[in-house]
Amino acid sequence: MVEPHELSFPDYGGSERDEIRKRVERFKAHQERFMREREEHAEALLRRIRPITKP
């Protein structure tokens, strides 16, 4: 078992608030990327399922 005083925490060169803000920004960017990819996949799937018919 590791004693609490033996633990070392990474130094991010800023305050904890800055680190939290950076992590939240990265998380939001990651979620936005997943949402875009999910929407693109759904659109591609729908195009394959029901092809556009031109009059």
Would you mind reporting whether Arg23 and Arg26 have side-chain heavy atoms less than 4.5 Å apart?
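Touching, per the 4.5 Å side-chain cut-off.
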
Once rounded to the nearest 0.5 Å, what's the spacing between atom CD1 of Ile20 and atom NZ of Lys22?
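Going from the CD1 atom of Ile20 to the NZ atom of Lys22 covers 12.0 Å.
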
Rounded to the nearest 0.5 Å, how far apart are NE2 of His41 and CG of Leu46?
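The distance works out to 9.5 Å.
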
Decide yes or no on salt bridge (charged side-chain N to carboxylate O under 4.0 Å, His left out) for Arg21 and Glu25, but give the supporting numbers first.
CA-CA 6 Å; Arg21 183 185 50 75; Glu25 288 173 0; 3.0 Å; yes

Strictly below 4.0 Å, N to O, side chains only: are Lys28 and Glu32 in salt-bridge contact?
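Looking at Glu32 together with Lys28, the answer is no, because their closest N to O distance does not fall below 4.0 Å.
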
Salt bridge or not between Arg33 and Glu37? Use side-chain N to carboxylate O under 4.0 Å.
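Salt bridge flag = yes for Glu37 with Arg33.
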
